[in-house]
Amino acid sequence: MAVQEAVVTTPLTVTVNGQERAEEVETRLLLVHFLRETLGLTGTHVGCDTTSCGACTVLVDGTPMKSCTMFAVQAEGRELTTVEGLEGAGGPPPIQEAFSAEHGLQCGFCTPGMMLTSIALLEQSPSPTDEEIRWAISGNVCRCTGYQNIVKAVHHAAAAMKEGS
Amino acid sequence: MAVAHEIRGLGHSVRRKEDARFIRGKGNYVEDISLPGMLHLELLRSPVAHARIVSIDTSRAEALPGVVAVVTGELMAQHSLAWMPTLSGDTQAVLATDKVRFQGQEIAAVVAESAYIAKDALELIDVEYDLLPAVTSPQQALEPAAPLIRDDKEGQESNHIYDWEAGDKEATEKALAEADKIVELETFYPRCHPAPLECCGCVADVNPATGKATIYMTSQAPHAHRTLFALVAGLPEHQIRIVSPDIGGGFGNKVPIYPGYVVATAASLLIGRPVKWIEDRTGNLISTGFARDYHMKGELALKDGKMTGLRVNLLSDNGAFFADAQPTKFKAGLFHIVTGSYDIPAAHVVTKGAYTNKAPGGVAYRCSFRVTEASYLIERLVQTAAYELGVDPVELRMKNFVQPEQMPYESATGFLYDSGDYPAAMNLALEKLGYDELRSEQAAAREEGRLLGIGVAFFTEVVGAGHGKEYDIAGLRMFDSAELRVHPTGKAILKLGVRSQGQGHETTFGQIIAHELGIPYEDVEVQEGDTDNTPYGLGTYASRSTPVAGAAASMISRELREKARKIAGHLLEVSEDDLEWETGRFFVKGSPDRAVTIQDIAFAAYTNLPDGLQAGLEGVHYYDPPNMTFPYGAYAVVVEIDRGTGEWRVQRMVAVDDCGVRINPMIVEGQIMGGLTEGYGIAAMELITFDDDGNCIGSTFMDYLLPTAWETPVFELGETSVPSPHHPLGAKGVGESATVGSPAAYVNAVIDALAHAGVRNIDMPVTSDKVWHALAEVGLAE
């Protein structure tokens, strides 16, 4: 691995949770570190460093992406959603409510990424089958729940969203 | 005063209080903590498994702008911190000075203004190694000519660590001699890793003005860690504050003290600024507490279909330092509960441990001190015996179970099983599964050339350590504590010596207080993890929070209830003997309308007391349990094997658990399903292995495979409930049951599909390639 002797920076403009952010960032800065350290949005977690576990999942233009293996500068001009951007003025949205109601979380470390992936699924497939849900979240590892209650939570959210629409 | 909420004590699946922050991304994990002036520490790890260190040159690293310090073993040695004691009475290098003894061992640390700079500087440290041959198995380690790993230890002339035994040798030999059938099984329970999603880390903040060391760390046992820090670092204990904030899963991995914590604290002390160390995943997998790595041989003596004796030989691979997290007197943890759920009159367990060039720190991955290995061996052995005797595996179990009327039952190796009705749990599992129909289906499938397997496993766990007479961690007796403060307005704070890592203590323990005192669970705030603000306790592992701290919470509630009775008598102007308690209030016997609520009493405790009674409604209880608790369960799995690829897919998974009284059934079921999934991972894919040079294979989540939602089976749960007779609530603990019990069920199912062709064993993880080779060997491969 080459050692970087001098700091190289790049200007970056992104929209994070609806707010435009313009920062001069180190070019090699990972997106997850930009979110956590530059912007202080610590709800996005790091679990593996190798794109395997999904704890760092954020939505980039609505698509779940693993922010631990993406440079911040690759998000130039994009719209990002993190867990902190989910809740509007009307209280927790259906997905958050559903994860709690169905006991779809225990330690909470995978939960932000798991919810964001689920939201992207429900955008594409408002009434997913068990199989679709399990496939969609298969890039997000949970060590605590055994997934069954997460699958239930996604169904729960799907039903609530239909009722609400 | 009106009660605002429903009380909701035992048996209510109330939603978890902790969810509110986690679903918003507002958990506060160690990595989220940032202090003014904080520096970042990264560890240099050995790329080789065994080598003498010729030289370490840190000058290029020190010259990199942004680097504040480079710490080596030599510097640590100047402060007597190059080595630290382990939880098994051995020593472990903090930073290597003489040799490296496993790949991934900590050699040096860089402290810098950012983690990126610290990582850069690691590349600039030049270490010259003189390579030595690596020892990668305990069998190799114990050969006379094996390279000596622990030449640092005076008098250590081989790689042998310990011999330990339990049970009655003579009686067991007699049983074997008189048996009409002896069934043998040799199996290897491979090294795996708890791999919580959050890696280990800390922020050490030693205040240069006051000398107070505040260490935020990923700790399952903050009080024990404070004491160990005091002993290791020589810091006065009242000047150490360990804060274990939200923990992103533990599963045993966060029980030991790791070099990173010690180096970060030393660096903060020397530099006078806060220092943050956050482990990366590879560091976590290759250097921190692994699990299992047991080579086991069992011999089961049978006479007329009854189990009469069990002899077990165990060879344990402990890695480079003997750092198993377990009570002092039990060198192989509680492995000697290996007679399991069966009435086996004689047993003898002989265990041996060896050093190898692998990571140290044998922890119980979601299990109570090596119970998992024991449960696996007996359940695989019993299954083998059934095939050898030509009887149904369930029938053989039923015939040999410890029976309900034998409880409390003293096992051949000295455990006193407190309670249980094993046949009832087994029958419920069979009924849910439709066992008899499935056996017919299996036979029909076999006619068509399809391979169905039905695997059963029945486990008895031993959890909830202590009692403190026999069980300790590093000499500290295993009790636990609860401090309850009921405020004047009837709201309460409960402070505990344990530490949740996702188990939902903030909810469950609130429900215990609700049950005991009638204070609604929403009105009870549960606090844990800060050693300055909670009573001393031994921490959360070995499924001990509910059995021990849960009991402490009950007991302190009951003590406060007795004080409340005196206040109630004063308020109602009757003798306390004339009062009767029902949840949340005292009333005058025979006049249920003459009553005061717990909230009224709490207010009076600070405003209107009888003469001679101290003010306040607060207290602390330290609970040392009279015995362990013994949760159990019956698990059954149905698999189908693909004869072309060796892949096996779980079609059904039925799990009946008896953990006594369930406080929050939703949380209990969550614990069980999590354990069933980790058990599945261990059975099917999780593996830390090494090549001949000692290179760790399984060092990222690309190699160390974890079950995802896609592979994970659907679980069908069932419950029986025989309360623990000695726990104040009848609860037994549940966090680890499913990881202990389920691996044997999955493996038994795969073997069951192949048993008719003579296959008796495939070691875990049961991967497709191993199954395919087994199929090929018996002519079943397609």
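We use all heavy atoms of the structure for the numbers below, so side chains are in, but hydrogens, waters and symmetry mates are not. Naming convention: chains lettered A, B, ... in sequence-line order (proteins, then strands); numbering from 1 in each chain.
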State the [atom1]-[atom2] distance between [X] and [Y], to the nearest 0.5 angstrom.
X: A:Y147; Y: B:L676; atom1: OH; atom2: CG; value: 13.5 Å
X: A:C48; Y: B:N284; atom1: SG; atom2: CG; value: 11.5 Å
X: B:E18; Y: A:C107; atom1: CD; atom2: SG; value: 11.5 Å
X: B:T507; Y: A:H103; atom1: OG1; atom2: NE2; value: 9.0 Å
X: A:T111; Y: B:R24; atom1: OG1; atom2: CZ; value: 13.0 Å
X: B:T677; Y: A:Q148; atom1: OG1; atom2: CD; value: 8.0 Å

Heavy-atom closest pair, residues [X] and [Y]:
X: A:G146; Y: B:T712; answer: O-CG2, 3.7 Å
X: A:R28; Y: B:I117; answer: NH2-N, 4.3 Å
X: A:F109; Y: B:Y29; answer: N-OH, 3.3 Å
X: A:S52; Y: B:F701; answer: CB-CB, 3.5 Å
X: B:I23; Y: A:V83; answer: O-CG2, 3.6 Å

| field | Heavy-atom pairs under 4.5 Å with chain B, option from A:V151, A:T145, A:I150 with the top count | value | A:T145
Counting heavy-atom pairs under 4.5 Å with chain A, which one of [options] comes out on top?
options: B:P707, B:C199, B:S500; value: B:P707
options: B:G670, B:S13, B:G66; value: B:G670
options: B:Q503, B:R21, B:M702; value: B:M702

Per-residue contact mode, [X] against chain A (heavy atom under 4.5 angstrom):
X: B:I667; value: both
X: B:E669; value: neither
X: B:E198; value: both
X: B:F251; value: side chain

Check each atom of [X] against the heavy atoms of chain B and say whether the ones under 4.5 Å are side chain, backbone, both or neither.
X: A:L30; answer: both
X: A:L105; answer: both
X: A:A136; answer: neither

| field | Pairs involving residues 49-73 of chain A, ordered by first then second residue, that meet salt bridge (Lys or Arg N to Asp or Glu O under 4.0 Å) (sequence neighbours left out) | value | A:D61-A:R78
| said: Applying a heavy-atom distance below 4.5 Å, give me the residues of residues 114-134 of chain A that approach chain B, sorted by number. | reply: A:M115, A:E131, A:R134
Would you check if the side chain of [X] reaches a backbone N or O of [Y] as a donor-acceptor pair within less than 3.5 Å?
X: A:R143; Y: B:A195; answer: yes
X: B:R16; Y: A:Q106; answer: yes
X: B:R15; Y: A:E102; answer: no
X: B:R281; Y: A:G47; answer: yes

| query | How about A:F71: does its CZ atom have over 12 heavy atoms from other parts shown lying under 6.0 Å from it? | reply | no
| query | How about B:K17: does its NZ atom have over 12 heavy atoms from other parts shown lying under 6.0 Å from it? | reply | yes
| request: Apply side chain to side chain contact (heavy atoms under 4.5 Å, CB included) to B:F22 and A:S100, showing your working. | output: CA-CA 9 Å; B:F22 292 141; A:S100 176; over 6 Å; no
| request: Verify side chain to side chain contact (heavy atoms under 4.5 Å, CB included) between A:R36 and B:D32, making sure each step is shown before the conclusion. | output: CA-CA 8 Å; A:R36 289 181 52 84; B:D32 303 337; 2.8 Å; yes
